[in-house]
There are 2 protein chains.
Amino acid sequence: MSLSSKEAILAAARRAAQAHGYGGLNFRDLAEEVGIRAASIYYHFPSKADLGAAVAKRYREDTAARLEAIQAETADPLLCLHRYPEIFRQSLENGNRLCLGSFMSAEYDDLPEMVKLQVQAFADVNMAWLSNLLSATGVVNTRMAEQRARAIFAAIAGAQLMARSRSDISLFDALIESYRQAGLLPA
Amino acid sequence: MSLSSKEAILAAARRAAQAHGYGGLNFRDLAEEVGIRAASIYYHFPSKADLGAAVAKRYREDTAARLEAIQAETADPLLCLHRYPEIFRQSLENGNRLCLGSFMSAEYDDLPEMVKLQVQAFADVNMAWLSNLLSATGVVNTRMAEQRARAIFAAIAGAQLMARSRSDISLFDALIESYRQAGLLPA
DNA sequence: ACCTGAACACCGTTCAAGT
DNA sequence: ACCTGAACACCGTTCAAGT
């Protein structure tokens, strides 16, 4: 059975936003991909801001679920941390797309307030997960875990941004490896 | 004496692009700031792509000049490296703006070819400068300098992106400090 | 419930025409 | 050389009307 229109819109909007940003999202192209008319999107989402916020919210929820899945599969916190870059790598694998949080951070000035809130929440989810696992490893003390979590999140987002601009996933892998060698990420 | 229209357009376009990206650049607002009509911009730049490429080229040249200035002022390569984040910090100081290379990397899919080339060139200038100085310090061997230079560039771009989304320069400083503590940047 | 055509006001972009 | 009016294509949005 196929997706409901609302779910199809959300999925297409997410893909578009990861490739072109919130500003690059447009209802006519979106509608064409879903197989309806642009005006029909307004039945499901009252405005572009609402659609953007819904996309960002879903993106955060999906990411949170994936992080929880990693933690469920992988008992060792060091191994969990080792797997963290997967999240960003998969966006590159999926059509050289960017993390939605990164793209929207670049566009931050021009985002509706309700979208900004979701972007912050996305970053918070990532940093909390990282901080929690860093503490669990004992590699850094609890006081430093939060600080290190922010640094890791920012650095990996930067690595993805650079790899995307070169359309080169192996560059992403090499950057992550460099972070490990340098000591930013646990080896 | 005041700037020529062409220079005034370049300056205003740069500021706009660092705040709203290439996609967010618009000729009417730009023209209003310069004091001419939108159509007049096309006398100086035959298309938006040409303007974008000119802005990115100038941005790269300015950055190269600032990096050379740091090197001229500061004999010790370790001190030069210590000063590198200044480049990104100043964009944040200047109206919470993003590095043009970062914003355009996010928008990469939608960039005209001539703009893409300048974005690559900008990254290359930064990485070559970093690599050269890293080699000079002897902290890493020459073989690793290039790899580390990429990692530093990507990580600092990520730090700026995150600090901007929180409108918090002190967060940028804290992230740089974390990179030093972790060993990514020479302390 | 779900969708659409047609229209609206606006905006980025272009170009022939002005001075 | 330098600038502009006017037109064009496209956008987000609305709404009465369709099924």
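Letters A, B, ... are given to chains in the order of the sequence lines, protein chains preceding strands, and every chain is numbered from 1.
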Check whether B:Tyr108 reaches the backbone of A:Leu161 with its side chain - one donor and one acceptor, N or O, closer than 3.5 Å. no
Side-chain donor-acceptor pair under 3.5 Å between B:Ser178 and A:Arg150, yes or no? no
Taking only side-chain nitrogens and oxygens of A:Tyr43, does any of them come within less than 4.0 Å of OP1 or OP2 of C:dC3? no
If you compare every side-chain N and O of B:His44 against the phosphate oxygens of D:dC3 (OP1, OP2), does one of them come in below 4.0 Å? yes
C:dC2 C1' sits how many Å from A:Lys6 NZ, rounded? 13 Å
Say whether, by atom type as modelled, one donor and one acceptor occur between the side chain of A:Gln18 and the main chain of A:Ser91 under 3.5 angstrom. no
Across all strands, who's sitting opposite D:dG12 as a Watson-Crick or G-U wobble pair, both distances under 3.5 Å? C:dC8
Atom-to-atom span, CD1 of B:Ile36 to C1' of D:dC2 - whole angstrom: 9 Å
Between D:dC10 atom C1' and B:Lys48 atom NZ, what is the distance in whole Å? 13 Å
Nucleotide paired to C:dT19 in any strand shown, Watson-Crick or G-U, under 3.5 Å: D:dA1
Proximity to DNA chain C (any heavy atom under 4.0 Å), residues of residues 102-111 of chain B only: none
Between the main-chain N or O of B:Leu130 and the side-chain N or O of B:Tyr84, is there a donor-acceptor pair closer than 3.5 Å? no
Taking only the side-chain heavy atoms of B:Ala39 (C-beta and beyond), determine which of C:dT4, D:dT4, D:dG12 contains the nearest atom. D:dT4
Using the salt bridge (Lys or Arg N to Asp or Glu O under 4.0 Å) definition, which of the options B:Arg15, B:Arg28, B:Arg14 pairs with B:Glu33? B:Arg15
Check the distance between C:dA1's P and A:Phe45's CZ and give it to me in whole angstrom. 17 Å
Can any side-chain N or O of B:Glu107 pair as donor or acceptor with the backbone N or O of B:Gly23 at less than 3.5 Å? yes
Going by distance alone, is a donor N or O of one side chain under 3.5 Å from an acceptor N or O of the other, for B:Asn132 and B:Ser135? no
Between D:dC11 atom P and A:Ile41 atom CD1, what is the distance in whole Å? 12 Å
Using a cut-off of strictly less than 4.0 Å, decide whether B:Ser5 has a side-chain nitrogen or oxygen near OP1 or OP2 of D:dC3. yes
Without swapping roles, check the side chain of A:Lys48 against the backbone of A:Phe27 for a donor-acceptor pair under 3.5 Å. no
Euclidean distance, atom OH of residue A:Tyr42 to atom C1' of D:dC15 [Å, nearest integer]: 13 Å
In whole angstroms, how far is the C1' atom of C:dC2 from the CD atom of A:Glu7? 16 Å
In whole angstroms, how far is the C1' atom of D:dG12 from the CG atom of A:Leu51? 12 Å
Is a side-chain N or O of B:Glu146 found less than 3.5 angstrom from the main chain of B:Met127, in a donor-acceptor match? no
Any donor-acceptor N/O pair, B:Arg164 side chain to B:Asn96 backbone, under 3.5 Å: yes
It should be established whether B:Ser40 places a side-chain nitrogen or oxygen under 4.0 Å from OP1 or OP2 of nucleotide D:dT4. yes
Stretch residues 20-35 of chain A: residues that reach within less than 4.0 Å of DNA chain C through a heavy atom: A:Arg28
